[in-house]
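Protein chains get the first letters and strands the later ones, always in sequence-line order, with residue 1 at the start of each. Everything quoted here is computed from the prediction, not taken from an experiment.
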There are 2 protein chains.
Amino acid sequence: MSTPYHHGSLRDALVDAATQVVTETGSESLSLRALARRAGVSSGAPYRHFTDRDAVLCAVATNGFRRFDAALANTDEQSATLPPVERVEQLGVAYVRFAAEEPNLFRLMFGPLAPRVGVDAELDEVRRRAGAHLPRALTRAQAAGFGTDSSLEELVELAWALVHGVAALHLDGLAGSSDVAGAEQLARRVTGQLGRLMRSDK
Amino acid sequence: MSTPYHHGSLRDALVDAATQVVTETGSESLSLRALARRAGVSSGAPYRHFTDRDAVLCAVATNGFRRFDAALANTDEQSATLPPVERVEQLGVAYVRFAAEEPNLFRLMFGPLAPRVGVDAELDEVRRRAGAHLPRALTRAQAAGFGTDSSLEELVELAWALVHGVAALHLDGLAGSSDVAGAEQLARRVTGQLGRLMRSDK
DNA sequence: CGTTCAATGTAAGCGCCGCTTACACGAGTA
DNA sequence: TACTCGTGTAAGCGGCGCTTACATTGAACG
């Protein structure tokens with residue numbers, strides 16, 4: 001009676017705990033049994049709410065993309081008064097900053113064991129939303145006459161490869177400094193080059 | 001007597017088998033027990049040659065960097081007669097091509113569970129060698145007067161972020177097409193932009 | 001040539017894991 | 001009140017990384 005037979009909100013508790021574990025120690029070390037123990041529940045209980053371990057990781061990744069989307073949207077709002085090319089740069093910096101601040105989450109979201117497209121509709125949706133910011137900002141910039149030497153598609157490719165590349169470089173420990181500030185400075189320099197390229201097309 | 005008590009070259013056999021497994025199905029699915037079975041040996045035998053599972057992955061990654069270095073060196077040789085900026089582009093394409101052709105190996109080499117720097121001297125050495133190609137090509141280009149608007153360090157950062165980014169984009173399934181040819185074309189377009197930037201600095 | 005010994009194999013076992021199956025509980029409903 | 005269905009438990013399967021104690025060997029050495 002001290003603890004009721006039914007947990008009440010086991011699913012949420014599991015997702016929260018899983019998010020914490022992934023954030024702190026990476027998705028590799030996530031164990032459903034440990035999650036169940038932490039929630040004070042038997043080792044079979046999680047399987048009432050998730051088909052398997054990957055489904056839990058999928059839920060964590062979905063949370064991650066939600067936060068990612070929010071971070072980018074917030075940055076875009078903050079920079080509403082800036083020139084369009086500068087807004088692109090800001091967005092790129094925010095992209096890298098998120099990766100640097102939440103490396104384990106970012107790796108889960110984009111890494112190899114990331115839940116593949118088409119498995120989870122909600123994940124697909126939030127991922128799509130998060131991925132729309134950069135193309136939108138680039139469209140605005142082109143509409144203002146910047147970066148028109150290339151097609152929008154090429155520009156998106158270039159910008160995405162750049163920012164994702166800086167994030168990956170940092171996450172893989174190949175960048176000079178390994179702290180968040182270093183990643184941000186690197187992002188600023190690289191996106192600055194992109195901005196320079198776009199402005200020269202005016 | 002059909003099979004001798006001592007394998008004779010177990011270490012090599014394990015590394016070869018491990019390389020194959022990682023290449024085909026990714027490093028996550030590598031099991032020392034399965035490796036031992038494949039080599040016709042008991043499950044404890046591998047521990048005579050490797051301290052733990054990570055040490056095996058380390059050996060596989062070392063092999064990977066050797067092949068990576070060879071691929072880049074070969075590309076650099078092939079393009080010896082080309083203009084320096086074009087050689088940079090070729091190198092970038094080769095970088096991406098390797099990642100696209102050996103995604104699982106590439107992920108092990110650069111990914112999160114990649115054996116960290118300082119653990120294995122041989123790995124550090126071969127990784128350093130492989131990483132020297134791009135800076136060298138960029139140095140040559142700058143010596144010829146290209147891309148001199150930026151410092152060498154900045155140029156290296158930019159180029160590395162670009163090619164590593166394209167590779168990561170492709171590996172993470174974010175690029176348009178997911179086959180090797182698509183990755184190569186994407187790499188060509190992106191490195192082309194880099195070349196354009198450098199040539200404009202002449 | 002015989003001994004010795006370090007390297008390299010085996011066998012067995014520990015605690016962990018993901019996942020499944022059969023059963024127990026209990027809140028909402030007819 | 002009785003039933004049912006969602007959600008929990010208990011127990012177990014096979015696989016894993018890794019360790020310990022013991023077996024076998026080839027090669028070095030007196």
* **Atom-to-atom span, OH of A:Y47 to C1' of D:dG8 - whole angstrom** => 15 Å

* Asked: D:dG8 C1' sits how many Å from A:F50 CZ, rounded?
  -> 15 Å

* To do: Not counting sequence neighbours, which residues clear side chain to side chain donor-acceptor pair (under 3.5 Å) with A:H164? List them please.
  =>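 Only A:Y95, B:D172 meet the side chain to side chain donor-acceptor pair (under 3.5 Å) criterion with A:H164.
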
* **Counterpart residues, side chain to side chain donor-acceptor pair (under 3.5 Å), relative to A:R33 (two or more places apart)** =>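 None.
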
* Describe, as an angle rounded to 10 degrees, how the axis at the first end of the helix from C:dC1-D:dG30 to C:dA30-D:dT1 is tilted relative to the axis at the last end, five pairs per end. =>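 Terminal axis comparison yields 10°.
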
* Lys/Arg N to Asp/Glu carboxylate O, B:E28 vs B:R53, below 4.0 Å ->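 A salt bridge is absent here (no side-chain N lies under 4.0 Å from a carboxylate O).
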
* To do: Return the residues of residues 22-38 of chain B meeting this criterion: a heavy atom under 4.0 Å from some atom of DNA chain D. Order them by number, or give none.
  =>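 Under 4.0 Å from DNA chain D: B:L30, B:S31, B:L32, B:R33, B:R37.
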
* Distance below 4.0 Å between A:H49 side-chain N/O and D:dG6 OP1 or OP2 -> no

* Asked: Which one, C:dG9, D:dG17, C:dA12, comes nearest to the side chain of B:R53?
  ->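 Among the listed nucleotides, the one closest to the side chain of B:R53 is D:dG17.
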
* Taking the side chain of B:S42 as heavy atoms from C-beta outward, which of D:dT9, C:dT10, D:dC18 is closest to it? ->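 Of the candidates, C:dT10 comes closest.
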
* Structure fact -> When A:D52 and A:R48 are each assigned the nearest nucleotide of DNA chain C, the 5'-most assignment goes to A:D52

* Under 3.5 Å donor-acceptor, B:S31 side chain and B:A34 backbone -> yes

* Between B:Q20 and B:R38, do the side chains contain an N or O donor and an N or O acceptor separated by less than 3.5 Å? -> yes

* For B:E125, check salt bridge (charged side-chain N to carboxylate O under 4.0 Å, His left out) against everything at least two apart and list the hits. =>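 Checked B:E125 against salt bridge (charged side-chain N to carboxylate O under 4.0 Å, His left out); matches are B:R128, B:R129.
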
* Asked: How would you list, by chain and number, every residue that makes a salt bridge (charged side-chain N to carboxylate O under 4.0 Å, His left out) with B:R107, sequence neighbours excluded?
  -> none

* Would the A:F110 and A:F65 ring centres measure less than 6.0 Å apart? -> yes

